[in-house]
Amino acid sequence: MSDRGTIRTFPVIFAAPSGAGKTTIARELSTRRRDVEFSISATTRPARRTERDGVDYFFHTEEEFRRMIAEGELLEWAEVHGYLYGTPRRNLVQARDRHHFLLLDIDVQGSRQVKDVVPDAVSIFVLPPDGAELAQRLIGRGSEDGEVRRHRLLAAREELNAAAEFDYVVVNDNLAAAVGSVETILEAEALRIFRRVDLQEEVRSLISDVDRVLGR
Ligand code: ADP
Ligand code: 5GP
């Protein structure tokens with residue numbers, strides 16, 4: 001019996017106050033491992049200078065986004081910082097077909113929805129080492145002006161209150177260590193007995209091997 005057997009791959013949700021580093025961790029993990037893929041969300045937020053459609057997000061008008069909701073194309077969706085964000089259902093279907101772990105970088109509202117409809121999902125809350133560093137990372141990222149940044153820090157206070165709802169917590173102080181912790185979670189979760197697709201068959205085959213040795 002191989003250590004990995006056949007397991008049903010599962011989605012891994014990353015949530016965190018804006019600026020804690022969940023996108024950085026999820027992106028880094030998806031470059032390190034071939035069995036994970038990053039879930040590209042749909043959003044009505046305008047693209048930042050460095051962002052590309054279909055790579056960072058699928059950028060949509062609000063009308064297009066509402067149509068996707070109406071047609072049931074989204075696994076979850078939420079309004080975050082004044083814009084709509086959602087996970088295309090096909091991301092999960094494709095990842096499962098490819099036997100990949102899907103990494104979802106979504107907010108707390110979306111995390112709750114995914115946990116409701118995909119019970120085998122694993123959720124990780126990413127914490128910054130401290131509040132000053134969180135503010136510093138938001139400034140360093142340079143993607144928001146002062147007013148928007150202030151709004152995000154206010155929202156961060158709210159998101160932090162949801163930390164206890166998650167399965168795991170990872171403090172993103174040193175990036176390599178944080179990515180390492182996430183890999184540990186992934187490896188351990190992959191070994192959980194209920195994820196094993198052919199458990200009964202594997203056990204039956206082992207019993208027949210033992211029986212053969214016993215001459216039964
Ligand atoms: P989030 O997705 O949680 O909003 P990002 O991944 O965009 O956060 O990270 C916010 C900023 O912090 C980015 O500029 C990123 O490069 C930086 N960053 C992420 N992780 C670390 C880390 N461990 N140490 C220092 N800077 C980091
Ligand atoms: P940003 O605009 O900084 O890329 O993301 C803002 C927030 O929206 C982050 O907390 C991010 O995790 C969240 N977000 C991104 N994509 C999705 C999504 O598909 N669904 C939900 N619910 N939140 C998302």
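Scope of the values below: all heavy atoms of this structure, side chains included, with no hydrogens, waters or symmetry mates. Quick note: residue numbers are just sequence positions, from 1. Everything numeric in this text was worked out from a predicted model, so none of it was measured. Atoms within a ligand are numbered from 1 in the order they appear, just like the ligands themselves.
- Contact annotation: F14 has no heavy atom less than 4.0 Å from any atom of ligand 2.
- Between the side chains of T44 and E62, no donor-acceptor pair is found at a separation under 3.5 Å.
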Between ligand 1 and the protein, give all atom pairs where both partners are nitrogen or oxygen and the distance is under 3.5 Å, as lines of names plus distance to 0.1 Å.
from     : atom 1 : to   : atom 2 : distance (Å)
ligand 1 : 2 (O)  : T23  : N      : 3.0
ligand 1 : 2 (O)  : T23  : OG1    : 2.4
ligand 1 : 3 (O)  : A20  : N      : 3.4
ligand 1 : 3 (O)  : G21  : N      : 2.9
ligand 1 : 3 (O)  : K22  : N      : 2.9
ligand 1 : 3 (O)  : K22  : NZ     : 3.4
ligand 1 : 4 (O)  : G19  : N      : 2.7
ligand 1 : 4 (O)  : R141 : NH1    : 3.0
ligand 1 : 6 (O)  : T23  : N      : 3.4
ligand 1 : 6 (O)  : T24  : N      : 2.9
ligand 1 : 6 (O)  : T24  : OG1    : 2.5
ligand 1 : 7 (O)  : R141 : NH1    : 2.8
ligand 1 : 8 (O)  : G21  : N      : 3.1
ligand 1 : 20 (N) : N172 : ND2    : 2.9
ligand 1 : 23 (N) : N172 : OD1    : 2.8
ligand 1 : 23 (N) : D173 : O      : 3.0
ligand 1 : 23 (N) : L175 : N      : 3.4
ligand 1 : 24 (N) : R137 : NH2    : 3.3

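- The residue E51 has no part lying near ligand 2, judged by heavy-atom distances below 4.0 Å.
- Proximity of R45 to ligand 2, defined as any heavy-atom pair under 4.0 Å, is confined to the side chain (atoms from C-beta onward).
- Shown here are the salt bridge (charged side-chain N to carboxylate O under 4.0 Å, His left out) partners of R32, two or more places apart in sequence or in another chain: E28, E183.
- R67 has a carboxylate O that lies under 4.0 Å from a charged side-chain N of E73, or vice versa, which qualifies the two as a salt bridge.
- At least one heavy atom of G86 lies less than 4.0 angstrom from ligand 2.
- The salt bridge (charged side-chain N to carboxylate O under 4.0 Å, His left out) test applied to R90 returns no partner, not counting sequence neighbours.
- Distance from atom 4 (O) of ligand 2 to its nearest protein heavy atom, with residue and atom name: Y57 OH, 2.5 Å.
- The protein heavy-atom contact nearest to atom 10 (O) of ligand 2 is K22 NZ, 3.4 Å.
- Distance alone, capped at 3.5 Å, places no donor-acceptor pair between the E201 side chain and the D198 backbone.
- Nearest protein neighbour of atom 23 (N) of ligand 2, counting heavy atoms only, is D107 N, 3.1 Å.
- Grouped with V118 in one hydrophobic cluster are I13, L75, L92, L102, L104, I106, V114, V117, the linkage being side-chain heavy-atom contacts under 4.5 Å among Ile, Leu, Val, Met, Phe, Trp and Tyr residues.
- Residue-ligand proximity, A78 to ligand 2, at heavy-atom distances under 4.0 Å covers atoms 22 (N).
- Of all heavy-atom pairs spanning A20 and L127, the tightest one is CB-C, 4.4 Å.
- Of all protein heavy atoms, the one lying nearest to atom 7 (C) of ligand 2 is V80 CG1, 3.7 Å.
- R98 and D35 are not joined by a salt bridge, as no carboxylate oxygen comes within less than 4.0 angstrom of a charged side-chain nitrogen.
- Which parts of ligand 2 touch G110 is read off a 4.0 Å heavy-atom cut-off, strictly below it: atoms 22 (N).
- For ligand 2, the atoms sitting less than 4.0 Å from at least one non-hydrogen atom of R48 are 1 (P), 2 (O), 3 (O), 4 (O), numbered in the order shown with element in parentheses.
- Ligand 2 has at least one atom lying under 4.0 Å from a heavy atom of R152.
- A heavy-atom separation below 4.0 Å is not found between Q109 and ligand 2.
- Between D107 and R112 there is no salt bridge, since no side-chain nitrogen of the basic residue lies less than 4.0 Å from a carboxylate oxygen of the acidic one.
- Counting heavy atoms closer than 4.0 Å to ligand 2, residue E79 contributes nothing at all.
- Among F58, Y85, W77, the residue whose heavy atom lies closest to atom 6 (C) of ligand 2 is Y85.
- Enclosure of atom CD in E71 by more than 12 non-hydrogen atoms of other residues, nucleotides or ligands within 6.0 angstrom is indicated.
- Among all protein heavy atoms, the one lying closest to atom 16 (N) of ligand 2 is S41 OG, 3.0 Å.
- Under a 4.0 Å N-O distance rule, the pair R48/E51 qualifies as a salt bridge.
- Just one of E133, K22, R137 meets the side chain to side chain contact (heavy atoms under 4.5 Å, CB included) condition when paired with N172; it is R137.
- Side-chain contact between E37 and S30 is absent, with no heavy-atom pair separated by less than 4.5 Å.
- In terms of protein heavy-atom proximity, atom 20 (N) of ligand 2 is closest to E76 OE2, 2.7 Å.
- Scanning the protein for heavy atoms near atom 11 (C) of ligand 2, the closest one is D105 OD1, 3.8 Å.
- Taking the six-membered ring for Trp and the full ring otherwise, the centers of F125 and Y168 sit at least 6.0 Å from each other.
- Under the 6.0 Å distance and 45° angle rule, R45 does not count as a cation-pi partner of Y85.
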